[in-house]
Amino acid sequence: EADIYQTPRYLVIGTGKKITLECSQTMGHDKMYWYQQDPGMELHLIHYSYGVNSTEKGDLSSESTVSRIRTEHFPLTLESARPSHTSQYLCASKRGGYTEAFFGQGTRLTVV
Amino acid sequence: KQEVTQIPAALSVPEGENLVLNCSFTDSAIYNLQWFRQDPGKGLTSLLLIQSSQREQTSGRLNASLDKSSGRSTLYIAASQPGDSATYLCAAYTDKLIFGTGTRLQVFP
């Protein structure tokens, strides 16, 4: 059973608002990832972390930022939301090496 | 830069058929390859994980194979059912987990 949680599941917010999407895991995994997925489209890696105080940008440029102050927590922040940020955001975690990755249920963000 | 491609992009078959979904990756220095299922509007469910030293893994009606040297993995679904309808994604792990473009499967009764 995967213990990785994302909140909120759904969010509708106005343009210009600051938002933080939460991702938490209780498995002690070092590696965590954020993906962006538009409806019917592929997953794009936007941020990842190898552990506490480690953050890297992914292959898709994103205006969001992340932090990793605690092992279990990897929040994603948009300082000023725009309609182009409307998408589904998926969080994942895994141990290093040859192990399985687990995903949260996702946050569906709509910016109006 | 790792690139992962899946073919076919979409597949529609009658119930009971055996299916083959293909995944190819450009960087063979992977730790493992993982297959996922995604239902519309939902998150990802892990189906099978193949470590780089393995050649195949089986779970129920699913069998996944891995040929690292040629950069290919195959997901075989036996005796397909309408409940198998979903998008199937493969992901290759080096230091990052990179996803393929997905195969959208529809199995009709």
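In what follows, chains carry the letters A, B, and so on, assigned in the order in which the sequence lines appear, proteins first and then strands, with residues in each chain numbered from 1.
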**OP:** Starting at OH of Tyr31(B), measure out to OG1 of Thr99(A) and round the result to the nearest 0.5 Å.
**Re:** 10.5 Å
Original post:
Is Leu33(B) linked to Tyr76(B) within one hydrophobic cluster, defined over Ile, Leu, Val, Met, Phe, Trp and Tyr using a side-chain heavy-atom separation of less than 4.5 Å?
Top reply: no
Subject >> For the student: nearest non-hydrogen atoms of Ser46(B) and Ala101(A), plus distance >> reply: CB-O, 4.4 Å
Original post:
Who in residues 32-51 of chain A is close to chain B, using a strict under-4.5 Å heavy-atom cut-off?
Top reply: Tyr33(A), Tyr35(A), Gln37(A), Gly40(A), Glu42(A), Leu43(A), Leu45(A), Tyr48(A), Tyr50(A)
Original post:
With a 4.5 Å limit on heavy-atom distance, are the side chains of Lys94(A) and Leu49(B) in contact?
Top reply: no
Original post:
Got a second to check how far Leu90(A)'s CG is from Lys42(B)'s NZ, nearest 0.5 Å?
Top reply: 12.5 Å
Subject >> Contacting region of Ile50(B) [heavy-atom separation from chain A under 4.5 Å] >> reply: neither
Subject >> Spatial distance of atom CG (Leu97(B)) from atom CZ (Phe103(A)) [nearest 0.5 Å] >> reply: 5.5 Å
Original post:
Under a 4.5 Å heavy-atom cut-off, does chain B meet the side chain of Gln105(A), its backbone, both or neither?
Top reply: both
Original post:
Under 4.5 Å between side-chain heavy atoms, hopping through other hydrophobics if needed: is there a path connecting Leu48(B) to Leu105(B)?
Top reply: yes
**OP:** Return yes when atom CZ of Arg37(B) has more than 12 non-hydrogen atoms of other residues, nucleotides or ligands closer than 6.0 Å, and no otherwise.
**Re:** yes
Original post:
Does one hydrophobic cluster hold both Val111(A) and Leu60(A), with members joined at side-chain heavy-atom distances below 4.5 Å?
Top reply: yes
Original post:
Does the side chain of Tyr98(A) reach to within under 4.5 Å of the side chain of Ser52(B), using non-hydrogen atoms?
Top reply: yes
Original post:
Do the side chains of Tyr88(B) and Ile98(B) join up, straight or via other hydrophobic residues, at under 4.5 Å, putting them in one cluster?
Top reply: yes
Subject >> Basic-acidic side-chain contact under 4.0 Å: Asp95(B), Lys31(A) >> reply: no
**OP:** Could you tell me whether the side chain of Glu100(A) reaches within less than 4.5 Å of the side chain of Asn32(B), counting heavy atoms only?
**Re:** no
Original post:
When clusters are formed by joining ILVMFWY residues with side-chain heavy atoms under 4.5 Å apart, either directly or through shared neighbours, do Phe99(B) and Leu66(B) land in the same one?
Top reply: yes
**OP:** Measure distances from Gln38(B) to the heavy atoms of chain A and classify the residue's part below 4.5 Å as side chain, backbone, both or neither.
**Re:** side chain
